Each structure stands twice: as structure tokens, then as C-alpha cells.
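Both ligands and their constituent atoms are indexed starting at 1 by order of listing. In this text, all values refer to a predicted model and were calculated from it rather than measured experimentally.
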Amino acid sequence: MENDTNGRRLSTLATSESGIITKVLGHGSFRKRITEMGFVRGKRVTVIKNAPLLDPVEYEIMGYRIALRRSEADLIEVTPFVGRSADEPTAAPAVVEDQTANRFLHQAGRTVNVALVGNPNCGKTSLFNLASGSHERVGNYSGVTVEAKEATARHQGYTLRLADLPGTYSITEYTPEELYVRRHILEQMPDVVINVVDASNLERNLFLTTQLIDMNLKVVIALNMYDELEASGARFDYEALGRMIGIPIVPTVASRGEGLDRLFDRVVDVFEDNEPTVRHIHINYGEDIERSITTLQEMIWENCDIVAHYSSRYLAIKLLEGDRETLSRLRETENFEAIRQAVDHETARLERFYNDRTETVIAGARYGFIAGALNETFVSGSADKNRKATRIDRIMTHRIWGFPIFLLLMWIMFQATFSLGEIPAGWMEAGIERLGEWVSETMPEGSLRDLLVDGVISGVGGVIVFLPQILILFFFISLMEDTGYMARTAFLMDRFMHRIGLHGKSFIPLLMGFGCNVPAIMATRTLESRKDRLLTMLIMPFMSCSARLPVYVLLISAFFPRGQGLVLMSIYVVGIGMAILSSLLLKRLLFHRAEAPFVMELPPYRIPTARSVVRHMWNKGSQYLRKMGTVILLASVLVWGLGHYPRPSVEQQAALGPDELTEWQAEHSYIGRIGHAIEPAIRPLGFDWKIGVSLLSGVAAKEIVVSTMSVLNQPVSGAAAGVSAAAEPEADTEADGALIRSLQAQRYTSGPRAGQPVYTPLVAYGMMIFILLYFPCIAAIAAIRKEAGWRWALFTVVYTTGLAWVVSGLVYQIGRLLA
Ligand code: GDP
Ligand code: MG
């Protein structure tokens, strides 16, 4: 996020250009000095002399000439002023200029860059979404947001540009998120930071606040989850705390949008330096540490550049904490060597004195500060919601009962996906069948009609009927996420995950993988060690994403009359099993690692809001429909075209009967040739060439397997003639009734198995296993490449497809022996 829409930096103005100052960035003493010189909002600056590469630059402001360093001019934001240049005689009255300036200020000076910073799971994204009307992912567990998301909100004529950052417990350099948040703050220099604080967990949340205090930023605290604080019966004089730490505190309930107006009022006040509460305080780290801080600060002050950008106190504290990133930030300074020696010297002195790491001592002082502040302002409630959570958790995460409960809930979810989804899916199916009939009756015969009926309507229609099932699945996933149950399952699995060489923490991205692998692969960034990240990423494709659901539902409806929920669940279980085996194998072969200890957090149980559940479903639904209109549509047309061409000559058409013609087409069309070419490779799995082609097309996106099957297995035997003749009059209650009947009727027309059905339950099961395991879609591979590089992306392609071939081959061959 460059500040381009806000205006430019003063340093970018060329000689004799003018600009109106819209904002002064930078820090403490620099800000003070520069405003004293007249660089304040609304004033016009003209560049007198700006030679590229040459420092400093000469400016005229309020009739004075002032030279600024380029790096300093970089901290002043301006809107280019198009008008008279400064050299021209002032002919127009000054008022005009003022008006123009006001207009500029109105546009540019009223844009406030706001960063949302806070612990994981404290409600940042909820706040962000409600304030800006965005639809970012919210979940009742940590690690949901991994990248900065941006959106704007308007408030009283101001444009707030909000950045939703990943959650962090502190701003050190231990995890990628922490570094990410820190870089965002230091490099993007937001005008105001909203520190979202979970009111039901003040002590831990305020730890981050103490670091923001050190950084000397403009901060407003959103005291979120205020509803939970009130329900617990606690009493909290947050205004007193705000005065104590010099930061305005505003209670909010982000999930319902309460308090946001007042919060943004404060943000604007702080931005305009209009807020009496604001005061920069120093957390006292004790006499000895303070002395070291001062020593280092004095050395840092010698570097104007650095001091203009960062608080020297913050840098000094970070150096004492042994922060490598801060040290490397100072590498360019002239007295770097001296600073480094001083850091070593001071650290050694302190560690001798405290007999502990400085970092630990400083953290202790921070907690001491918080405890002191809360002691005076906070009285905890008697209605302890933790007690209730503990009671529920005693059952939900029970060593023995936890697992059957988990399985039962899963089974309910899958069974409901089936039985509830079937009804609306049947309606949609009937509607699409009607549409196909109508088009083939009204349009003149020809390739265009075939394209529409057999390509577009069949292909897209075949996939779109699974929308209800997708929505239901996400309804359940979203319920489990928002209540906090998902996080419990991670806890349940932790012991187990350790045994297979992973963390309980890896479980969260893996769970997200059931929705879609792509964001889940990105979510592996929450893991500390690169090896954990890689391992989790590599087994991610075995988490069956929702795009594969339509294929399962289709095949199960067609070939498994009973126990449908169980069959579906078994596919997911096989996927998880493969993930476990792969993890064990890859860990042994590729990584030998030491375990990094970590604490998993159990969020409190929360009743999900209807809004968040509906939004989750809506997002998924619209995403699904968008995919229909793009990838699936394109693939359907392509598959249809490859199956339709080349056409037989007129003589051939005349000579062959309708069934023979179909056969000719199957042999000679492009798709027939491709299918027959790959058939030997899939014959051991019991697949025919049409299945082969469907699987091949699924490489782009898994739903395409269904659309391809739809296009290839036209309901009527004379495929070229379209669906018109034999369309069934009565409505079906199952999704894709026509396609199901067509699949059931498929027979081999030649070869040793001529006359036998193509699909048996065994073949269908093997096919589902293959789809579960083989090549994840292109988007997932691209995500792996982005996170881990080409080599691992390629590895995933080969590994998953090879495994799919072996496992579904075993299923088929062993199944045949048993039958
Ligand atoms: P983030 O990790 O900081 O982005 O937090 P999220 O926005 O994902 O929210 C975490 C969970 O807290 C979700 O289940 C929200 O519905 C819930 N939540 C957010 N704000 C509030 C609030 O003010 N009160 C209550 N009771 N729940 C909230
Ligand atoms: Mg979030």
C-alpha cells in the first residue's frame, strides 16, 4: 500500500513544482522540529532547487527558504499544487489560494491510514469487515488472517484506509506474522494504529499494547468483546486506564458493530491531534535497564535519519532484547560498530546483574506494568465464563469420549449434506433439464444448438446443482468454527499430531483445507519452523476440498443406495489417513527435525452470530457460482468441442446408423483419441477412457470432472442428437438424475469387457479415491510454488498423482479379488 492516492512525498516534487502539505509522518523530535519550521498541514511548499541525487533540497515555505534532507522530505506528504509557480508575481488575491488549498486538503488530508493490530482471535477481522463492508474470513481460532487486507471506511468526511493485519501476541521477530506486522508499522507508517484488545483477556492482550507504547505511535484501543466482559460481571474503569497509559480506550462489540462510531471518532481526534487523553508515556523497566536504554539512545540520536523514522527508545529497547532485525536496520549508520559494542556491553552487564536474559527481564517488567495498571482499574467478575467452558471441555476434549463425539458430529455433517441437499438439488436439476429441452425444441438443429445443450447447459448445469450441498457443508463448517469447536479438535489432535511429526498447530491450516486448499496453504505461514510449514503444505492436498464434493455426491448417489453419509465420510477419512502416512514418510525421508514447543490456545465457546454464518455461506456460494461462469463454462465448451470435432463426412453420416455414428465419434473425435491414448495407463484402475478424460480435465478445477462427465455421458444414446427425445417427464428428486441414470447405463462397447457395465460401486469408489488423492488443482499447485518454490510444487504433482494411482489401483484390484 503506497500512499499514492493520498498524494506524493515532498521529495518527489521537481524543481519549481509546488505542493500543499497534507500530512507529516515521522517521529517525535523530528516532527516537532519540522512543524516548528512551518511544515504543517495546508501550507504550500515550493521546490526551489531539487537536483536528483544531490542532498539537500531547497524549499520555500511561508516566504522562507529552507533546506531539507531528501530523507526528511520523504516524510512529508503533499498534493501537487497546479497553479502559479512561486516565481511568478502574485497577481491573484491570496484567498483564492486558500480555497484551492482547502479543496486539496479535503481530498488528501482527510485520508487516514489505520492499521488494526492485536492478538489472534480478538475480533480484528470482524471489526474490519463491519467497518468497511468487506467479507474477509473470520474464525474463532487463531491464524485465520495471514496477510494484510485493506479496505476503506468513511467517517465524518474522513476516509479511513483500514489494514487488517495478522494477529500477534507481541511484536518481536519469532514468527513470520510478527515480523510482518512490525514491518507494516515501521515501513508503511500508519497514521493511527487501532489496537484491538480482547476485553475478556486483558492481561495478555495488553502485552502487545506495551510494545506499541514503546514504539511511540498514535494508538487508539478498541476494547472489543465488551459484551463478554459485561456478561462476566467484571467491573473495569477503562477510562482511568486510558488516562494512565495515555491512550483513548473505546469499548466495542465488533461482531455486532457496536461502538465503531465512537471508535472512529477517537481515531479522527487522535489523527488531528485533538484528543486530550493522548500522552506519550514511558514504561519503567527499572533503574538498570533504563540506564542502558539511555546509553544506547544517545548513540542512536547521532543518526538523524533513523531518529526521524523510529522512536529511539523503541530501538534501544529492541537492541537490549537482542533483536536481530533492529540491529540490521541500524547497519547503515555511521556509528554502527560502536552501537553494537555498546549493546553487547550493556546486555552483558544486565545479564550479570539479573542472572537472566534481558529479554525475559524486560517482558517481566511489561507484565508488571500491566498488572499494576489493572490492579487499580479492574475487578474481575464472579460469573466466570471459563468455568462453563471448562465444564463443556471436560466432555468435548475428553481423552476417550472426545473422539467418538468428533466422529459423530462429522457423520451428522456429512449425512445432512446428503439428505438435506438432495431436495433443492432435485429442483434445480429438473429446472436445468427443462431448460435443455426448451432450447433443443426452439433452436434449429446444428452445431450451435449442440454446443448450448450438450456443452454449456449439460456441463455447467451438471455442476451447479451441487450448490445446495456446498452451502450445507459450509453451514456446518462455519458453525463448528465460530463456536470454537474446531479449535478443540486441534487440541484433541495435538498429541496425535506430535506422533506423526506435526504440531497441533498444523491442524488449523489442515482443517481450512477442507474448504479450499489455497488459503489453507497460505495459512501454513502461522507455523514457526520452515519444516513444519513444508510438511503441512505437502500433505494439504489430501484434505479433501469442497470442490471435490460434487464428484463424490454424484458417484455416491449413483452407486451407493445405502449408507451414503458413511461412504462420504470414509473418503475424507482415507484422505486424512494418507496425509498421516505421507507425513510419517516424508518426515523420515526428508526432514529430521527437533520439535519446537508451543502452546495451543483454546478460545472461549461463542454462540455464532447468524450474520457470520450466513456471510460465510454466501461467500462460498457466490465463489462457486463465479467459478461456474468462468472456468467450468470454458472447460465444458472445450470438452464439448474436443468431443464434437472432427465431424464425420456427409457420406459417412449417411452410411452409419445413429448408434454407429456415436461410436465413430467416440473413436475419432479429439477427445476420443486423447482418451484412448491414456486408457492403458488407467486400465489397471478399472477406468474407461471417458473417466480418464474427466480426470484429466479435473486438473484445472475439480468440479470440472463432473461437468466433463456430464458432457461426455449424454443421457440419450445418440449423443449427437441432443437430449430432446427421451428426456423424462417426471421430476427427479436426486441431483443430476439424468446423468446418474446415464452413468448407470454405461457399458463397454468393445474389448474384453464388452457389454459389462463401466461403473460398479467398486469402480466408483476407486474413482473417488483417485480424485481425492491426485493432482490438486492448478491454483493449489501455484500456491505451493509461491510458498515453497518450484521444486516442491513439482514434487507435489508427482507424489500426489503417483499415490492416487497406486492406492486406487489397490482398491480396484483387491476389491475384485474379494468380490
Ligand atoms: P481476529 O482473529 O482478530 O481477526 O478475530 P475474528 O474477527 O476472526 O473474530 C474471532 C471470533 O470472535 C469470531 O468468532 C467472532 O465472531 C468473535 N467476535 C468478534 N468480536 C466479538 C465481540 O465483540 N463479542 C463477541 N462475543 N464475539 C466477538
Ligand atoms: Mg483475522
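With atom 28 (C) of ligand 1 as the reference point, the heavy atom nearest to it among G118, S255, S200 is part of S255. Selection from E228, R256, K124 by nearest heavy atom to atom 1 (P) of ligand 1 gives K124.
Counting the atoms of ligand 1 from 1 in the order shown, those under 4.0 Å from a heavy atom of N121 are 1 (P), 2 (O), 3 (O), 5 (O), 10 (C), 11 (C). If you number the atoms of ligand 1 from 1 as listed, the ones under 4.0 Å from a heavy atom of A254 come out as 20 (N), 22 (C), 23 (O). The S126 neighbourhood of ligand 1 comprises atoms 6 (P), 7 (O), 9 (O), 15 (C), 19 (C), with distances under 4.0 Å to a heavy atom of that residue.
With a 4.0 Å heavy-atom cut-off, ligand 1 is reached by the side chain of D227 but not by its N, CA, C or O.
Relative ring orientation between F406 and Y485 is described as tilted, the plane-to-plane angle lying within the 30° to 60° band. Note on ring orientation: taking the six-membered ring where Trp is involved, the planes of Y572 and F514 are tilted (angle from 30° to 60°).
Between the side chain of R279 and the backbone N or O of R243 there is at least one donor-acceptor pair closer than 3.5 Å. Looking at T252, its side chain never comes within 3.5 Å of a backbone N or O of E258 through a donor-acceptor pair.
When Q211, R204, R182 are each tested for a side chain to side chain contact (heavy atoms under 4.5 Å, CB included) with S170, only one passes: Q211.
For the pair T125 and ligand 1, the shortest N or O to N or O distance falls below 3.5 Å. For a threshold of 3.5 Å applied to N or O pairs, the pair formed by D164 and ligand 1 contains no separation below that value. Distances between N or O atoms of P120 and those of ligand 1 include no value under 3.5 Å. Between V253 and ligand 1, no N or O atom pair is found at a separation short of 3.5 Å.
Minimum heavy-atom separation, I370 to E203: CD1-O, 3.8 Å. Closest approach of I194 to A222, counting heavy atoms only: CG2-CB, 3.9 Å.
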Checklist entry - ring-ring contact (aromatic ring centres under 6.0 Å, His included) between Y367 and F207: does it pass, once the steps are laid out? => result CA-CA 7 Å; Y367 276 119; F207 188 74; 4.6 Å; yes
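Ligand 1 has at least one atom lying under 4.0 Å from a heavy atom of C122.
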